[in-house]
Structures are given as C-alpha cells and as structure tokens.
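Accompanying notes for the structure given below.
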Amino acid sequence: MDNWDDLKFFLAVHKTGTMVSAAKILGTNVATVSRRIERLNAEVGTAVFVKSAGHWQLNPSVQGLLRITEDFEGRLANELNWISNRTGSLATTRLKIGAPPLITDRVLAPRIGEAFENHPNYSIELHDRPSGGGLNDVDILIRAGRPEHGRLVTKRIGDIDFRLYGHKDGTRKTAWVGLTQASEDMAHMRYARDYFGHEPSLRATQVMSLYQLVKATRLSAALPVFMAAADPDLYPLEPEADPISIDIWIAYHNSRRTDPAIQRTVQWVSGCFKNLVKQAELEPASNTF
C-alpha cells in the first residue's frame with residue numbers, strides 16, 4: 001500500500017459513522033475525506049464502507065484491514081507515550097475520555113486539577129457519552145455495565161448507589177421521573193417501576209436531567225445517593241432498604257494495554273471513584289420526612 005495515510009481517514013469514518021464527523025476530528029473537509037476513501041477503495045479493490053440509514057457501515061470483507069489499522073493506531077500511541085516516559089519529554093499527550101454526563105460532571109471534573117498537577121503535559125478531553133456502545137473516537141470509555149463488544153481491556157472501577165427520592169414539597173406522591181426507554185432495563189429503573197407500579201410521568205435521557213426535573217417538578221425519581229443525600233429538599237422513600245448499585249466499568253483498546261498514559265489515567269479515574277465512596281460516607285443522612 002503506497003498511501004498509508006489513507007488508513008487514518010478509513011479509521012476516522014469507521015469511528016464516527018459519517019464523513020462530516022470524520023472531517024471534524026481530522027481537521028479537514030468532507031471532500032478530502034471522500035477523496036481519500038475513494039482512493040482506498042480503488043487500492044483495496046472493493047468499497048470499504050456501505051451506506052446504511054445515513055451512516056457508513058464497515059464492509060465485512062475488510063474486517064481484517066480494520067483490525068490491523070486499529071492495532072497500528074493503538075501501538076503507535078503506546079510507543080510514543082513510552083518514548084515520552086523514558087526520555088522525560090514534555091511533548092503533549094492527548095487523551096479523550098468518554099463517559100455519561102453524571103460521571104464527567106460529578107465524578108471526573110471536580111478532580112481534573114489533580115490529573116493536570118501530576119501530569120502537566122497531558123491534554124484531557126471529557127466527552128459526554130451515554131452508557132452503551134464502544135470506544136468510537138475516544139481513548140478510554142467509562143460506562144455502566146461491562147462492554148461486551150470489541151477488542152477491549154475492561155475493568156470494574158467502582159459503583160454508583162441509587163435510591164428512590166421524593167421532594168419534601170411534592171404533592172403527587174405516586175408520580176415519578178424516569179429515563180427514556182433505551183435505559184428501561186437498568187436496575188434502578190426496574191426498581192422504580194416496581195415501586196410505583198406504573199410508567200414514569202416524565203422521561204429524560206440522562207441521570208443529570210432526572211435530578212433537575214425532580215427539583216423543577218417536585219416529582220420522585222431514582223437518583224444517585226452521592227447527589228441526592230446532600231440535598232435538603234430530597235428524602236429517601238425507603239430509607240431502610242438497600243441501595244441499588246450500578247457497576248461502573250472502564251475500557252480501552254487491547255493494543256494500549258501497556259500504554260503508560262492509559263494506565264496512569266485509569267489509576268486516576270479509579271481514585272475519583274474511591275473519593276466518591278468516601279464523600280458518600282461523610283454526607284449527613286437525608287431527612288426521612
């Protein structure tokens with residue numbers, strides 16, 4: 001293959017699903033992405049992508065090419081970070097972390113200063129990603145539940161406890177707020193549905209939005225203990241019941257198993273969750289109302 005650089009465009013389109021999004025992350029334009037993919041098609045002898053429902057899906061016949069390209073990208077980043085580690089270089093190490101907004105806003109962001117203090121040459125991007133899917137365009141993925149697809153290294157790094165909370169000024173005792181149907185099977189959603197005996201009156205896509213809706217509407221919801229226990233307006237509906245724990249996992253590509261930047265970041269993320277547990281233990285108990 002004479003045009004190795006075309007594989008970068010191939011990988012970007014696979015990660016994002018569209019040429020528009022690929023152009024954005026590559027810092028170029030759609031015409032350039034399209035031209036590079038066409039050139040790769042000619043060199044490979046077949047279309048590397050098939051258009052489906054507005055997105056470019058990988059042609060199964062080039063799965064091996066994708067695997068090699070992903071490994072090359074990961075191993076290259078791995079080796080560059082090791083060179084920086086061995087030589088004490090101050091070259092910028094760029095890392096993208098994808099996680100649900102609850103985790104980016106309430107778990108990672110409050111301690112991001114610690115990461116920069118320990119590693120001032122790191123450039124970290126926090127991307128809001130729902131609980132599900134694969135790495136796509138991020139280096140590290142944090143999500144509820146273990147990822148089941150992809151050539152990933154996975155590790156359970158903690159959990160988030162949920163309880164059912166009501167608002168002290170609420171008058172509609174059986175009305176509640178839940179997540180959208182895409183999250184119907186999450187344990188805290190099943191618990192809330194069993195408790196109230198019917199579907200939610202309002203729905204939101206993210207847990208952070210649930211909290212805001214409870215404050216605005218005075219309805220009830222299953223909320224993270226570390227958030228709700230500190231709010232004097234909220235009280236647990238079943239204070240004696242055990243909380244519902246949601247396991248949180250971290251994942252990254254297998255080719256970066258020994259990457260020092262990945263390992264340090266995983267260690268930092270794990271510390272954020274340990275601090276979350278300590279915070280919850282120090283929070284005063286909410287009023288039982």
Side-chain angles (χ1 to χ4, degrees), residues 8 11-18 21-22 24-26 55 57-58 63 66-67 69-78 80-81 93-112 114-115 119 122-160 179-180 182-183 185-188 205-209 224 245-276:
K8 178 173 67 176
L11 195 56
V13 174
H14 172 69
K15 287 179 177 180
T16 62
T18 70
S21 297
K24 287 180 180 179
I25 67 172
L26 291 171
H55 284 72
Q57 303 292 334
L58 185 73
Q63 186 68 50
L66 173 64
R67 185 180 301 112
T69 307
E70 287 179 330
D71 281 346
F72 176 76
E73 179 191 53
R75 292 186 180 190
L76 179 61
N78 189 42
L80 289 174
N81 288 335
T93 298
R94 303 184 186 281
L95 289 169
K96 295 181 180 180
I97 302 175
L102 172 68
I103 293 175
T104 56
D105 293 355
R106 291 301 191 99
V107 181
L108 302 183
R111 299 192 67 186
I112 198 73
E114 174 187 301
H119 306 289
Y122 281 20
S123 174
I124 297 175
E125 294 182 10
L126 299 179
H127 292 252
D128 287 342
R129 292 277 295 275
S131 290
L135 287 176
N136 294 337
D137 61 335
V138 299
D139 301 292
I140 294 174
L141 177 68
I142 305 170
R143 52 164 281 172
R146 184 175 186 171
E148 298 177 354
H149 304 289
R151 298 164 59 231
L152 304 175
V153 177
T154 60
K155 177 184 178 182
R156 181 184 174 279
I157 55 171
D159 54 54
I160 295 179
L179 295 175
T180 55
S183 303
D185 291 333
M186 296 194 74
H188 58 88
T205 58
Q206 298 292 342
V207 173
M208 289 288 290
S209 299
S245 291
I246 305 297
D247 288 339
I248 306 298
W249 289 74
I250 196 166
Y252 50 92
H253 196 268
N254 184 62
S255 61
R256 304 186 71 176
R257 183 184 293 271
T258 62
D259 188 328
I262 293 289
Q263 296 307 315
R264 287 169 182 157
T265 305
V266 169
Q267 185 178 17
W268 169 69
V269 172
S270 298
C272 290
F273 276 90
K274 288 178 182 176
N275 184 69
L276 190 67

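Everything numeric here is computed off the predicted structure, so don't read it as measured data.
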Residues [X] and [Y]: side-chain donor-acceptor under 3.5 angstrom:
X	Y	value
Asp71	Ser255	no
Glu125	His127	yes
Arg75	Asn78	no

In terms of side-chain geometry, is the basic nitrogen of Lys24 or Asp137 positioned less than 4.0 Å from the acidic oxygen of its partner?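 Salt bridge absent between Lys24 and Asp137.
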Indicate yes or no: does Asp247 engage Arg156 in a salt bridge with an N to O separation below 4.0 Å.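 Salt bridge present between Asp247 and Arg156.
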CZ/Arg151: more than 12 non-hydrogen atoms of other groups inside 6.0 Å: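 Yes.
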Any chance CZ of Phe72 has more than 12 other-residue heavy atoms, nucleotides or ligands included, within less than 6.0 Å?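 At most 12 heavy atoms, drawn from other residues, nucleotides or ligands, come within 6.0 Å of this atom.
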Partner of Tyr252 by side-chain contact (heavy atoms from CB on, under 4.5 Å), out of Thr265, Val153, Val138: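 Only match with Tyr252 under side-chain contact (heavy atoms from CB on, under 4.5 Å): Val153.
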[X] side chain near [Y] side chain, heavy-atom distance below 4.5 Å:
X	Y	result
Ile248	Ile142	yes
Arg143	Ile250	no
His188	Leu179	yes
Val207	Pro224	yes
Gln63	Leu58	yes
Trp249	Asp159	no
Ile97	Leu108	yes
His253	Asp139	no

Shortest non-hydrogen contact from [X] toward [Y]:
X	Y	value
Pro147	Leu152	CB-CD1, 4.0 Å
Arg256	Asn81	NH2-ND2, 3.6 Å
Ile157	Ser270	CG2-OG, 3.6 Å
Ile25	Ala12	CD1-CB, 3.9 Å
Pro101	Met208	C-CG, 4.0 Å
Tyr122	Pro260	OH-O, 4.3 Å

Check side chain to side chain donor-acceptor pair (under 3.5 Å) between Arg111 and all other residues, then give those that pass, not counting sequence neighbours.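 For Arg111 the side chain to side chain donor-acceptor pair (under 3.5 Å) partners, ignoring immediate neighbours, are Glu114.
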Run the numbers on Leu95 and Ile262 for side-chain contact (heavy atoms from CB on, under 4.5 Å), then give the verdict. CA-CA 8 Å; Leu95 289 169; Ile262 293 289; 3.9 Å; yes
List the steps, then state whether side-chain contact (heavy atoms from CB on, under 4.5 Å) holds for Leu11 with Glu73. CA-CA 9 Å; Leu11 195 56; Glu73 179 191 53; 3.3 Å; yes
Measuring from Asn136:CG to His14:NE2, what's the distance to the nearest 0.5 Å?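 So the CG of Asn136 and the NE2 of His14 are separated by 7.5 Å.
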If I take atom CD1 from residue Ile160 and atom CZ from residue Arg106, how far apart are they, to the nearest 0.5 angstrom?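 So the gap between those two atoms works out to 11.0 Å.
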Could you tell me whether a side-chain N or O of Thr18 sits under 3.5 Å from a main-chain N or O of Ser21, the two making a donor and an acceptor?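 Such a contact is found between Thr18 side chain and Ser21 backbone.
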